[in-house]
Amino acid sequence: IEYFIQISTDNDSNLVLLRELRSKHIDKLIFTRGILLRASNVRPKLENAIFKCLRCDTELPQIQLSNILIWPNHCINPKCKANTQKDFIYISKNSDFIDWQKITIQETPEELPAGRIPRSIDGILIKDLVDKVRPGDRVKIMGVFKSLPQRNAKGKSSLIFRTFIDVNFIKSSDKEDKDFYPTEEELKQIKELAAEPYIQRKIARSIAPSIYGREDLKLATALCLFGGTRLKKIDGTYRRGDIHVLFVGDPGTGKSEILKSAVNVSPRALYTSGKGSTAVGLTAAVVKDSDTGSMSLEAGAIVLADGGIAAIDEFDKMEAQDISAIHEAMAQQTVSIAKAGIIATLRAQTGIIAAGNPY
């Protein structure tokens with residue numbers, strides 16, 4: 001029997017933020033968290049290779065500890081004189097493989113210091129950990145912080161190392177919210193609130209309480225946060241359940257503050273400004289993997305906020321082609337892409353709250 005031991009923690013007392021990872025953490029077990037930006041395809045990784053000697057037909061195992069395939073340098077048969085790589089052939093059917101996946105984790109927006117660029121780090125998932133979480137999930141990670149020498153333009157090893165996390169345990173913190181059950185006291189408070197005649201007004205006023213008035217805007221935001229009911233039709237298609245809202249008003253009237261308050265309230269939400277947002281940044285982009293050279297999809301803001309809301313400020317400053325790119329996500333709740341040999345449809349069940357100024 002083969003065991004795969006995973007180590008987890010119940011509290012955040014030993015948390016190390018991505019921004020605080022330093023050289024002192026190398027080769028040590030760390031606990032961190034962030035947003036899963038992208039995940040590669042699940043590929044097989046060779047753990048124990050079986051080679052066959054071409055001179056005496058002896059099969060010999062070779063444990064693989066590095067990222068480069070290690071060949072045997074001599075035969076285990078004492079009577080055989082094979083001592084070069086050409087004397088051996090690799091046999092895949094008898095070799096041992098494990099599942100392997102590469103992920104990229106980025107700092108969460110609430111942990112990002114003002115005016116700083118979010119930092120990210122790669123992680124390696126193996127065995128049972130692959131495909132446990134999907135891009136857009138907020139994740140908690142336990143793993144060993146490792147380093148690898150990187151080569152410069154001339155092919156020589158540099159003194160500056162690149163780092164990654166050899167993940168031992170990963171869990172989506174979004175799933176913790178789904179498994180949340182209220183206590184008896186909280187259940188009693190919920191029922192008392194539900195019985196109030198003006199509960200809608202009270203919920204609306206609790207959004208951006210620092211801004212006086214604007215109750216129509218706040219109520220529209222609350223309706224977007226709650227969402228509607230996703231209905232399945234007889235023919236198998238769906239009717240959208242999310243509500244999209246657009247605020248149009250003069251500058252300095254509190255639109256952006258209401259948007260940011262909605263993002264803080266929602267358990268899964270992203271805030272972006274229309275001026276600096278492009279079509280691929282909002283929907284999905286095709287990127288080239290630096291290690292394998294293969295093309296992969298990187299989810300944009302609307303896809304990352306699947307199951308929550310996306311707040312787009314300065315909507316009137318967006319280019320026409322960028323606005324047209326999110327039509328499908330708003331109406332059909334999917335993002336379809338056909339580029340660089342990748343044809344995919346991503347789920348984007350996201351409510352959009354946008355704000356802009358009148359022309």
Side-chain angles (χ1 to χ4, degrees), residues 4-9 12-49 62-71 73 97-109 111-113 115-133 135 137-171 285 287-299:
F4 180 40
I5 298 170
Q6 298 178 31
I7 302 167
S8 64
T9 180
D12 294 349
S13 59
N14 54 354
L15 177 73
V16 181
L17 298 177
L18 289 180
R19 187 169 288 274
E20 295 172 357
L21 287 173
R22 298 291 183 267
S23 57
K24 65 181 180 181
H25 296 115
I26 289 174
D27 290 330
K28 291 183 180 175
L29 191 71
I30 60 162
F31 173 60
T32 187
R33 65 185 177 210
I35 295 178
L36 187 68
L37 269 191
R38 61 175 175 263
S40 71
N41 295 330
V42 179
R43 296 197 290 269
K45 183 187 178 184
L46 188 62
E47 268 209 322
N48 186 24
Q62 180 73 52
I63 295 174
Q64 305 294 319
L65 297 174
S66 68
N67 292 329
I68 301 168
L69 182 64
I70 301 172
W71 290 71
N73 50 20
F97 292 89
I98 58 169
D99 292 327
W100 181 95
Q101 188 178 30
K102 180 182 174 183
I103 59 171
T104 304
I105 309 115
Q106 191 183 73
E107 280 182 292
T108 55
E111 290 170 354
L112 187 65
R116 299 288 183 91
I117 297 171
R119 293 182 183 174
S120 60
I121 191 168
D122 291 334
I124 302 298
L125 305 179
I126 60 169
K127 299 183 180 180
D128 299 343
L129 298 177
V130 298
D131 272 351
K132 265 197 171 181
V133 289
D137 286 351
R138 291 170 183 254
V139 294
K140 292 182 176 181
I141 287 177
M142 184 78 80
V144 180
F145 186 55
K146 290 192 173 182
S147 61
L148 274 178
Q150 57 183 5
R151 298 186 182 276
N152 57 22
K154 296 179 180 179
K156 294 182 179 180
S157 295
S158 170
L159 294 178
I160 308 300
F161 280 47
R162 65 187 180 94
T163 55
F164 68 96
I165 298 175
D166 191 0
V167 180
N168 174 263
F169 173 85
I170 188 167
K171 184 180 181 182
V287 292
K288 189 174 184 179
D289 193 334
S290 57
D291 291 336
T292 62
S294 61
M295 307 300 283
S296 62
L297 275 180
E298 184 172 326

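The residues of the chain are indexed from 1 along the displayed sequence. In what follows, every heavy atom counts, from backbone to side chain, and hydrogens, waters and symmetry copies are set aside.
Between atom CD of residue Glu47 and atom NZ of residue Lys127 there is a gap of 5.0 Å, rounded to the nearest 0.5 Å. In this structure, CG in Leu17 is found 10.5 Å from CZ in Phe31, a value given to the nearest 0.5 Å. Between atom CD1 of residue Ile170 and atom CD1 of residue Ile141 there is a gap of 4.0 Å, rounded to the nearest 0.5 Å.
Every residue meeting the side chain to side chain contact (heavy atoms under 4.5 Å, CB included) condition with Gln106, not counting sequence neighbours, appears here in chain and number order: Leu37, Pro118, Ser120. Asp166 meets the side chain to side chain donor-acceptor pair (under 3.5 Å) test with Lys146; sequence neighbours excluded. Annotation: side chain to side chain contact (heavy atoms under 4.5 Å, CB included) contacts of Ile126 (sequence neighbours excluded): Phe4, Ile98, Trp100, Ile124. Phe97 meets the side chain to side chain contact (heavy atoms under 4.5 Å, CB included) test with Pro44, Leu46, Tyr90, Ser95; sequence neighbours excluded. Residues meeting the side chain to side chain contact (heavy atoms under 4.5 Å, CB included) test with Ser147, sequence neighbours left out: Ile26, Phe161, Thr163.
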**Item:** Trace of the side chain to side chain contact (heavy atoms under 4.5 Å, CB included) decision for Ile35 with Val139
**Value:** CA-CA 6 Å; Ile35 295 178; Val139 294; over 6 Å; no
**Message:** Working note: Arg33 + Leu15, criterion side chain to side chain contact (heavy atoms under 4.5 Å, CB included); need CA distance, chi angles, decisive distance, verdict.
**Reply:** CA-CA 8 Å; Arg33 65 185 177 210; Leu15 177 73; 3.4 Å; yes
**Asked** Asp122 and Lys102: salt bridge (Lys or Arg N to Asp or Glu O under 4.0 Å), yes or no, with the steps?
**Response** CA-CA 7 Å; Asp122 291 334; Lys102 180 182 174 183; 3.7 Å; yes
**Working for side chain to side chain contact (heavy atoms under 4.5 Å, CB included), residues Ile30 and Val144** = CA-CA 6 Å; Ile30 60 162; Val144 180; over 6 Å; no
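By the 6.0 Å contact criterion, CG on Leu148 is enclosed, its count of non-hydrogen atoms from other residues, nucleotides or ligands being greater than 12.
Residues Arg138 and Leu36 form no side-chain contact, since every pair of their non-hydrogen atoms from C-beta on lies 4.5 Å or further apart.
Applying the salt bridge (Lys or Arg N to Asp or Glu O under 4.0 Å) test to pairs two or more places apart or on separate chains, those with a residue in residues 13-32 are Arg19-Glu107.
Taking each heavy atom of Leu18 and Arg119 in turn, the nearest pair found is CD1-O, 4.1 Å. Annotation for Leu129 and Val167: closest pair CD1-O, 3.4 Å, computed over non-hydrogen atoms.
Between the side chain of Asn168 and the main chain of Met142, no donor-acceptor pair closer than 3.5 Å is present.
Considering Ile165, Ile121, Ile105 as possible partners of Thr32, the one that fulfils the side chain to side chain contact (heavy atoms under 4.5 Å, CB included) test is Ile165.
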